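Numbers restart at 1 for each chain; the letters A, B, ... are given by sequence-line order, proteins then strands. Just so we're clear, the structure is a prediction, and the values are computed from it rather than from any experiment.
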Amino acid sequence: MPDKFYLTTPIYYVNARPHIGHAYTTIVADAIARRQRSLGVDTWFLTGTDEHGQKIERSAEAAGCTPQQFADRVSQEFKNLWDRMGLTCDDFIRTTEPRHILAVQNFITLLRDRGFIYKGSYTGQYCVFDELYVEAPPGAPCPDCGRPTETVSEENYFFKLSAFERRLLEFYDEHPDFIRPESRRNEVISFVKGGLRDLSVSRTSFNWGIPIPGDEKHVVYVWLDALANYITALGWSSADDSKYKTFWPADLHLVGKEIIRFHCVYWPAFLMAAGLPLPKSVHAHGWLLFEESKMSKSRGNIVRAETILEGFGALKPDLPKAEQDLFGADALRYFLLREIAFGQDGNFSFDALVQRYNADLANGYGNLVSRTLSMIGRYFDGLVPYPASSGSVVQSHSFAVELPRTISTFAASFDALDFSRALETAWAAVAAVDGYLTANAPWKQPEGVSDEQQQALRADILYTAAEAIRIITALVYPVIPNAAAQVWSQLGLGDIRKADLKNLQWRGLKPGTKLGELSPLFPRADKETITRMSELEQKNAPAPAATPEPETAEPSPAHTSKLKSAIEGLAVAMAESTNETAAVAAFEGAIAETVRETIGGRKDQAPSAPVAALQPTPSGPEDATNLPGTRILPPAPATGTVAAPAGPAAPTLPEGKISIDDFSKVELRVGQIKVAERVPKADKLLRLEVDLGTETRQILAGIAEAYAPESLIGRKVVIVANLAPRKLRGLESNGMIVAASLEGGRPVLAGFLEDVPVGARLK
RNA sequence: GGCGGCGUAGCUCAGAUGGUUAGAGCGUGGGAUUCAUAACCCCAAGGUCGGUAGUUCGAUCCUACCCGCCGCCA
């Protein structure tokens with residue numbers, strides 16, 4: 001086993017401000033890195049930000065600043081958040097740094113010199129949002145995200161991806177663990193088997209990128225740019241490439257499932273072409289889903305990690321802010337790693353977070369530490385007692401006997417990235433120790449037992465419990481590092497970062513050790529914690545741009561696709577990275593636009609996602625330097641604001657804006673038209689019977705001039721289901737059909753690009 | 001549409017190359033206890049293992065079809 005471990009997260013695209021999905025990937029990486037370090041492995045943990053591309057260029061323009069200023073700002077937000085959470089990355093790479101730019105140019109030159117890059121031309125549809133060429137007829141929406149595409153004709157450099165089909169398949173075959181989990185591996189293999197086309201790796205349609213050496217009007221395709229970070233950050237091809245020599249190839253690339261292909265097909269092919277070693281494994285995790293629709297009213301919003309830091313931080317009001325943050329970070333880390341089977345999608349909700357926290361951290365681990373150490377304080381003056389007879393302790397308690405197995409099971413699960421099971425194992429040990437204490441009741445002195453006997457018994461029992469806590473703490477340190485450090489020092493063992501956590505031997509705890517100062521670890525979280533976080537989240541919900549400039553309400557051809565994106569956005573990509581920040585931005589943008597277009601009938605003024613990304617960060621060094629043009633936010637709630645201690649101050653909404661609650665009052669549902677006929681003596685009116693799943697409604701719609709009744713039968717449409725009934729031409733209309741209104745009043749029905757069940761609610 | 005996956009207690013999920021009473025945690029109900037953060041400990045209730053048909057002595061596990069959900073298809 002080589003004594004080094006290099007792991008990476010994706011570099012996050014700076015088009016959206018950081019949220020819990022980014023935090024998830026980075027937390028997982030941090031936990032792995034901490035475990036590796038604690039095992040004595042030379043570890044390098046890299047994260048960073050991806051800052052080039054047309055989207056950034058445009059967002060910056062919309063925000064009235066340069067792309068570099070824009071990227072600086074958002075990148076700093078990521079850095080600040082990781083600092084607040086105590087994440088221990090060893091390096092943070094930005095793709096706009098000279099070290100990266102130069103190395104990417106070297107990489108391109110190398111690929112070209114080796115004959116894998118050639119010049120060609122391409123005409124086709126380009127999706128700006130995805131920054132990808134897509135297969136679609138001119139004028140058609142992007143098949144991926146539903147946004148409009150642009151017809152582009154470019155002279156491009158191409159990478160000979162097609163040359164690697166066979167070699168990639170052989171590689172997957174020889175390295176069964178290269179892609180995990182299995183289901184992703186199968187997807188990738190079937191993708192490659194389907195045939196590989198050469199890949200366009202340059203752009204001339206915008207400037208915000210790394211120029212191709214020798215042909216500077218071309219900039220490097222964002223994905224090639226981004227993926228290369230894994231070696232450029234190590235100093236590959238630079239004067240000092242010692243890090244590269246030590247750490248490459250990577251042991252683990254952590255990625256979200258949506259970008260598996262880039263990491264498992266393109267990246268290995270680039271490396272093969274360059275003659276460089278391939279990473280050892282790529283592990284894709286799932287997405288975080290927020291509060292499934294059936295659980296609650298539409299709260300479905302993007303959750304930011306800061307909300308949790310602040311919500312939980314308030315449980316420890318006496319601590320300095322920085323320590324509150326670390327405490328909250330532990331709660332979040334534990335939840336994400338314990339609750340979600342790594343690799344699968346998982347549900348996140350404040351309720352689940354608090355419940356898990358209370359059950360496992362407060363009632364379980366925290367309480368166990370508390371009861372054990374306080375008894376040692378009471379009965380042994382705060383000195384770890386001497387167990388009665390060496391060896392007998394282990395023999396006599398089943399959980400102690402099983403601790404070595406706990407250690408090995410924990411290690412095996414953790415190292416297989418099955419964090420959930422690893423923690424389950426550790427917590428089974430917690431429960432066993434609790435049961436042991438209750439069964440032996442060291443606080444009791446049975447009849448007929450002398451004081452000395454009782455004290456000897458107590459010593460035995462409490463030593464055993466304390467020693468078990470020491471071992472469990474060492475195991476869970478990578479997951480709840482801050483709490484573990486506290487327990488370590490409460491046990492009188494000093495700084496956990498200096499401890500040897502790899503040689504865990506029973507009886508490693510020295511009797512006579514003076515306990516440190518005791519303080520509650522995980523105070524129980526009350527219901528208010530949940531409401532506090534919900535409120536914080538609402539307050540910080542992506543604020544749409546202010547300063548509305550009333551513009552001619554022109555029809556939005558992308559309307560339906562925005563609706564679609566909004567729905568899909570409910571499932572937010574957890575760790576989207578590089579330029580597939582799609583889900584999040586899609587959600588932020590689409591829901592806002594949908595709300596406005598559906599309810600307000602107004603066109604929005606600025607893309608909301610980039611604006612959201614520009615929220616001021618008081619904790620950061622940069623001030624809110626002038627983003628000329630639009631004023632971005634009301635001064636009120638900003639990232640990093642201290643948690644409101646109490647008081648559900650109703651968030652004030654910018655003028656002309658509605659809250660998510662307002663929106664959720666509108667019950668939009670998918671309906672299917674069963675009957676459609678003209679209303680006699682009415683030019684525009686159709687009488688429709690629409691199946692809403694649970695019932696069939698009669699709805700009158702003024703669309704007769706645009707749609708023939710028979711063409712509507714079977715069509716799925718969007719219905720405002722809770723509109724008050726109204727009579728038209730003597731017929732009752734029970735609801736309303738959502739349609740775009742074009743010039744001249746011509747309606748275009750909203751629909752879906754894919755099949756949706758009748759009755760499904762839009763929110 | 002093509003390929004692949006999933007559907008097990010209220011919730012989140014385990015599991016069995018087919019074989020007697022299908023498991024865990026949380027939640028719920030009851031009991032016990034008071035060292036501890038109204039925590040901990042013990043007990044209990046709760047499942048036609050998506051549906052139908054088939055193979056088999058026997059299927060929740062295999063096969064077929066169906067229903068529902070999901071992923072990949074630049």
Side-chain angles (χ1 to χ4, degrees), chain A residues 124-125 127 130-136 142-144 159 161-162 181-200 221 223 257-262 264-266 284 286-287 289 292 294-295 315 335 338-341 343-349 351-352 354-379 418 420-421 423-425 427-428 430-445 458 461-462 465 518-526 568 571 580 754-757 760:
Chain A
Q125 295 309 112
C127 175
D130 292 338
E131 299 191 4
L132 280 176
Y133 287 104
V134 296
E135 275 193 88
C142 171
D144 198 38
F159 172 74
L161 184 62
S162 57
E182 190 76 17
S183 56
R184 300 296 153 206
R185 175 183 147 85
N186 294 338
E187 280 174 13
V188 170
I189 290 175
S190 85
F191 173 78
V192 175
K193 279 187 176 159
L196 294 176
R197 297 203 301 267
D198 287 351
L199 188 68
S200 158
Y221 167 57
W223 269 104
K257 66 181 182 181
E258 73 283 1
I259 53 172
I260 194 78
R261 194 178 68 225
F262 299 93
C264 297
V265 181
Y266 301 172
W287 292 354
L289 310 172
E292 293 163 310
K294 61 182 171 187
M295 280 176 61
L315 293 175
F335 176 83
R338 171 64 245 251
E339 185 87 359
I340 299 166
Q344 295 176 29
D345 291 353
N347 287 306
F348 179 89
S349 73
D351 289 274
V354 166
Q355 186 178 303
R356 185 57 90 173
Y357 168 88
N358 277 336
D360 292 1
L361 294 179
N363 297 351
Y365 180 68
N367 182 55
L368 175 64
V369 171
S370 170
R371 69 196 300 211
T372 304
L373 299 191
S374 75
M375 277 192 280
I376 290 177
R378 175 173 315 122
Y379 299 121
D418 190 348
S420 180
R421 191 165 292 195
L423 291 171
E424 196 180 354
T425 305
W427 257 257
V430 168
V433 180
D434 259 330
Y436 165 74
L437 281 179
T438 303
N440 289 285
W443 54 89
K444 269 199 215 157
Q445 185 162 354
R458 268 185 192 138
I461 296 162
L462 293 178
L518 307 188
S519 66
L521 216 50
F522 294 114
R524 277 182 69 80
D526 47 19
E568 287 170 349
E580 289 208 345
E754 53 222 68
D755 201 29
V756 288

- Message: Main chain of A:Arg524, side chain of A:Asn358: is a donor-acceptor contact present, judged purely on distance under 3.5 Å?
- Response: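 Answer holds: no.
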- Query: Does A:Asp198 use its side chain to pair, donor to acceptor, with the backbone of A:Ser162 at less than 3.5 Å?
  - Reply: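 Yes: the side chain of A:Asp198 pairs with the backbone of A:Ser162.
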- Task: Summarise protein proximity over nucleotides 29-39 of chain B in one line of letters, 5' to 3': B for base, S for sugar-phosphate only, - for none, counting protein heavy atoms closer than 4.0 Å.
- Result: -----SBBB-S
Scan nucleotides 22-26 of chain B against the protein and return all N/O pairs shorter than 3.5 Å with their distances rounded to 0.1 Å.
from	atom 1	to	atom 2	distance (Å)
B:C26	O2'	A:Gln355	NE2	2.2

- Have a look at A:Gly195 and say if it touches a base, only the backbone sugar-phosphate, or nothing, with a 4.0 Å heavy-atom cut-off.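 Base contact.
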- Convert the base pairs of RNA chain B into dot-bracket notation, remembering that pairs crossing earlier ones are written with [ ] and that bases paired across to another strand are shown as |; include only Watson-Crick or G-U pairs under 3.5 Å. (((((((..((((.....[...)))).((((.........)))).....(((((..]....)))))))))))).
- Task: Using whole Å, report how far CZ of A:Arg261 lies from P of B:C3.
- Result: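 For the pair A:Arg261 CZ and B:C3 P, the rounded distance is 20 Å.
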- Query: When rounded to the nearest Å, what value does the distance between P atoms of B:C40 and B:C49 take?
  - Reply: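 Each nucleotide's P atom is 33 Å from the other's.
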- For A:Phe522, all residues meeting ring pair (Phe, Tyr, Trp, His ring centres under 6.0 Å), sequence neighbours excluded: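 A:Phe522 satisfies ring pair (Phe, Tyr, Trp, His ring centres under 6.0 Å) with A:Tyr357 only.
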- Task: If a pair satisfies salt bridge (charged side-chain N to carboxylate O under 4.0 Å, His left out) and one of its residues is in residues 369-379 of chain A, list it, with sequence neighbours excluded.
- Result: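 Output for this query lists A:Arg371-A:Asp434.
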- On RNA chain B, nearest-nucleotide positions of A:Asn358 versus A:Ala341: which is more 5'?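 The 5'-side residue here is A:Ala341.
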- Set of side-chain contact (heavy atoms from CB on, under 4.5 Å) partners for A:Phe335, sequence neighbours left out: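 Once residues adjacent in sequence are excluded, the partners of A:Phe335 under the side-chain contact (heavy atoms from CB on, under 4.5 Å) criterion are A:Glu339, A:Phe348, A:Ala352, A:Leu353, A:Arg356.
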- Item | Spatial distance of atom CG (A:Leu368) from atom CG (A:Asn363) [nearest 0.5 Å] |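 It comes to 12.0 Å.
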